[in-house]
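First comes the structure, then the notes that go with it.
Reckoned from all heavy atoms, side chains included, excluding hydrogens, waters and symmetry mates. Here is the naming used below: chain letters follow the sequence lines, and residue numbers restart at 1 for every chain.
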Protein chains: 2
Amino acid sequence: MKKTAPTIRDVAAAAHVSTATVSKFINGAQRFSPKVEAAIESAIAGLGYKSNPLAKSMITGRTNTIGLSVLDITNPHFSSILKGANRVAHDQGFSVLLVDTEETPSRERRTLEELSRRVDGMIVFSRMREHEMTWMTEIDKPLVFFGSLAQLPLPTVASDDHGGAYMLAQHLRMLGHRRIAYLGFSKSRRDEERLGGIRESLNAAGLELAIFDAEAPSLAEGERLCSAIVLGSQRPDALICYNDLMALGFMKEASNLGISIPQDISVVGFDNIPYGKYTTPALTTVDLQSERMGATAMEKLLAVIRGQHVEKLTKVAPQLILRASTVARRP
Amino acid sequence: MKKTAPTIRDVAAAAHVSTATVSKFINGAQRFSPKVEAAIESAIAGLGYKSNPLAKSMITGRTNTIGLSVLDITNPHFSSILKGANRVAHDQGFSVLLVDTEETPSRERRTLEELSRRVDGMIVFSRMREHEMTWMTEIDKPLVFFGSLAQLPLPTVASDDHGGAYMLAQHLRMLGHRRIAYLGFSKSRRDEERLGGIRESLNAAGLELAIFDAEAPSLAEGERLCSAIVLGSQRPDALICYNDLMALGFMKEASNLGISIPQDISVVGFDNIPYGKYTTPALTTVDLQSERMGATAMEKLLAVIRGQHVEKLTKVAPQLILRASTVARRP
DNA sequence: CTGTTAGCGCATTCAC
DNA sequence: GTGAATGCGCTAACAG
């Protein structure tokens with residue numbers, strides 16, 4: 001039946017024009033006499049012709065595809081980023097090629113270098129430290145990076161993690177908490193920033209900070225580290241978690257251990273994933289605007305691709321989401 | 001500097017061989033004399049040559065890319081499917097091009113038809129009814145569909161929704177529930193199957209089923225419909241939700257309304273999303289094996305692409321996840 | 001084993 | 001306005 005799909009040549013022949021004319025007409029690069037245009041249109045319709053995007057891409061060098069690299073697509077923070085990025089891309093006629101590095105940075109460089117040849121630009125979320133990322137600037141495609149960069153001349157979209165963490169700590173302090181702990185994830189580049197924000201707040205009050213470190217930013221790790229935190233010799237009266245997933249895991253296990261939240265310990269997180277609102281009690285957190293960040297990064301990248309000038313750093317302001325229930329006032 | 005990337009011709013010239021030789025060597029299609037191979041290798045290294053995947057794809061017709069179309073990537077059910085599919089794809093050297101139809105089927109056909117030209121095969125999750133899907137069989141690329149199909153000759157991967165729902169209903173019945181309600185989502189093709197499973201169980205006992213219908217399979221809809229369910233004239237003693245998201249939304253609002261779960265009403269869901277385990281009480285649900293389904297679908301598709309024979313239908317067995325806390329025994 | 005020769009389907013000069 | 005010619009970077013016969 002349809003052994004070989006019709007090519008632009010078939011259309012040209014059927015419409016009694018040249019392939020060049022058909023090409024220009026299809027791409028709207030030029031107008032033609034009504035007679036010719038009608039002939040082309042009916043030839044296209046008659047043959048059911050569809051331009052071959054692969055051939056087109058090879059010629060133009062543009063694929064209308066954007067690569068997006070995230071650390072773990074099942075983490076709601078990243079699904080939301082993807083959601084926002086995908087929506088913008090779709091609206092502007094682009095597709096998203098996803099890379100889920102699954103927290104394993106070993107093949108990240110090769111993967112991204114290969115990816116770069118198949119897309120018009122990429123958006124990258126990575127755990128790599130800045131000094132091991134210089135190769136990214138040598139990739140011959142527009143790139144937008146998530147997180148702030150001190151040296152590398154790459155456009156970035158970042159949340160104000162330091163500020164968000166500071167807000168969280170201030171909030172806890174104002175409610176009277178004195179023994180604050182941080183359940184962090186030191187492998188992340190943002191961990192330092194959050195830690196910095198917390199420290200800035202606590203130092204001003206001369207408060208100590210107890211630190212626990214997770215192996216992964218996951219529900220399971222929050223669960224696992226719970227007992228060490230609440231059954232240690234000096235139980236904190238408030239815990240700031242690296243993200244909401246860890247906070248949820250922690251809360252569940254605390255409940256199993258007979259610890260009441262927030263009576264025995266207040267808990268707060270980062271990200272504002274949807275599920276934090278649906279636990280009991282509901283989780284106080286910092287909204288990092290994941291979906292908006294994804295959308296912003298995509299908008300920025302598409303602007304770069306179009307040759308427009310963009311700011312190096314786009315900062316998305318965090319918002320403290322107060323759900324009083326995981327946080328109590330201390331005497 | 002690197003104005004034009006080196007082509008296979010540059011390599012051939014530098015190694016004093018023909019482009020055909022370089023091509024075959026790169027693709028491992030043939031071995032050559034050590035001298036030639038060494039020359040090619042050093043030429044490649046010297047020039048920093050990378051094969052242009054676009055040109056290669058145009059020739060071979062293979063892109064090493066799989067299209068995956070889902071309904072809403074922020075739904076954990078779908079992120080898990082994507083996770084499983086992506087892992088298998090990655091292991092076999094394929095990338096995933098994601099399409100998030102966002103529950104809007106209007107442009108679905110065009111989107112998928114366009115997508116089909118850029119990938120080697122696709123995996124599709126859709127709300128479309130079977131009779132409006134015949135065009136899918138005419139797409140000239142391997143396609144694996146999620147869900148069971150009565151007529152269409154498409155390979156599919158499906159969960160046993162009927163069976164899972166039956167298990168759920170049986171479980172509730174055996175614990176003494178008599179007034180069971182279903183919070184469904186009739187726009188979904190799987191809604192009927194789940195309803196069928198529930199009915200099969202209840203009919204055997206001569207029990208009625210109250211049905212509520214959501215506009216979307218979301219947290220917010222579960223929340224919204226809660227009051228109508230629990231504050232109606234005949235409050236059910238158990239509620240089966242179309243999915244876990246709706247169940248979580250329902251549970252939260254029920255708690256706000258002063259309704260205790262499971263004392264006042266038992267709640268169960270579908271999917272076994274990770275967050276169901278972390279609510280209080282933890283949610284009893286049917287595990288549909290999302291990640292495995294994604295992996296299975298990808299394996300099946302890659303087999304088809306390789307020309308291997310595959311079963312029309314691959315069924316993934318559901319598993320009841322008992323978390324006693326959302327379900328009570330009735331007198 | 002290695003090279004020659006054709007294209008793949010399309011966009012793009014540059015003529016007319 | 002329109003078309004003939006050229007080539008993108010690569011692979012696929014077919015020769016030798």
Quick one: which of C/dC10, D/dC10, D/dT2 gets closest to the side chain of A/F32? D/dT2
If you check the B/Y49 side chain, which of D/dC10, C/dC10, D/dG9 turns out closest? D/dC10
Between B/S126 and B/T101, is any pair of side-chain heavy atoms under 4.5 Å apart? no
Rounded to the Å, how far apart are B/I59 CD1 and D/dC8 C1'? 11 Å
In whole angstrom, what separates B/I26's CD1 from D/dA12's P? 13 Å
What's the separation between atom CZ in A/R127 and atom CG in A/L71, rounded to the nearest 0.5 Å? 4.5 Å
Using a strict 4.0 Å threshold on nitrogen-to-oxygen distance, state whether B/R87 and A/D100 make a salt bridge. no
Between A/R9 and C/dC8, is there a side-chain N or O to OP1/OP2 distance below 4.0 Å? yes
Please give, in whole Å, the distance from C/dA11 P to A/F25 CZ? 13 Å
Could you tell me the separation between the NZ atom of A/K56 and the C1' atom of C/dG9, rounded to a whole number of Å? 12 Å
Using a strict cut-off of less than 4.0 Å between a Lys/Arg side-chain nitrogen and an Asp/Glu carboxylate oxygen, indicate whether A/E114 and B/K50 qualify as a salt bridge. no
List for me each residue that meets salt bridge (charged side-chain N to carboxylate O under 4.0 Å, His left out) alongside B/R109, sequence neighbours excluded, and say none if there are none. B/E113
Any side-chain N or O of A/N27 below 4.0 angstrom from OP1/OP2 of C/dA11? yes
Please work out which residues in residues 17-24 of chain A have a non-hydrogen atom less than 4.0 Å from an atom of DNA chain D and list them by number. A/V17, A/S18, A/A20, A/T21, A/K24
Between atom CE in A/M58 and atom C1' in D/dT11, what is the gap in whole Å? 12 Å
Could you check how far CG of A/N52 sits from P of C/dG9, rounded to whole Å? 7 Å
Closer to the 5' end of DNA chain C via nearest nucleotide, is it B/V36 or B/R117? B/V36
When rounded to whole Å, the CG to P distance for the pair B/L47 and D/dG9 reads 14 Å
Under 4.0 Å, counting only non-hydrogen atoms across every strand here, what does B/S51 touch: a base, just sugar-phosphate, or nothing? sugar-phosphate
Between the side chains of A/T137 and A/T134, does any donor sit under 3.5 Å from an acceptor? no
Could you tell me whether B/E37 and B/R31 have a side-chain N and a carboxylate O separated by less than 4.0 Å? yes
Whole angstrom value for the distance that separates C1' of D/dG1 from NE2 of A/H16: 18 Å
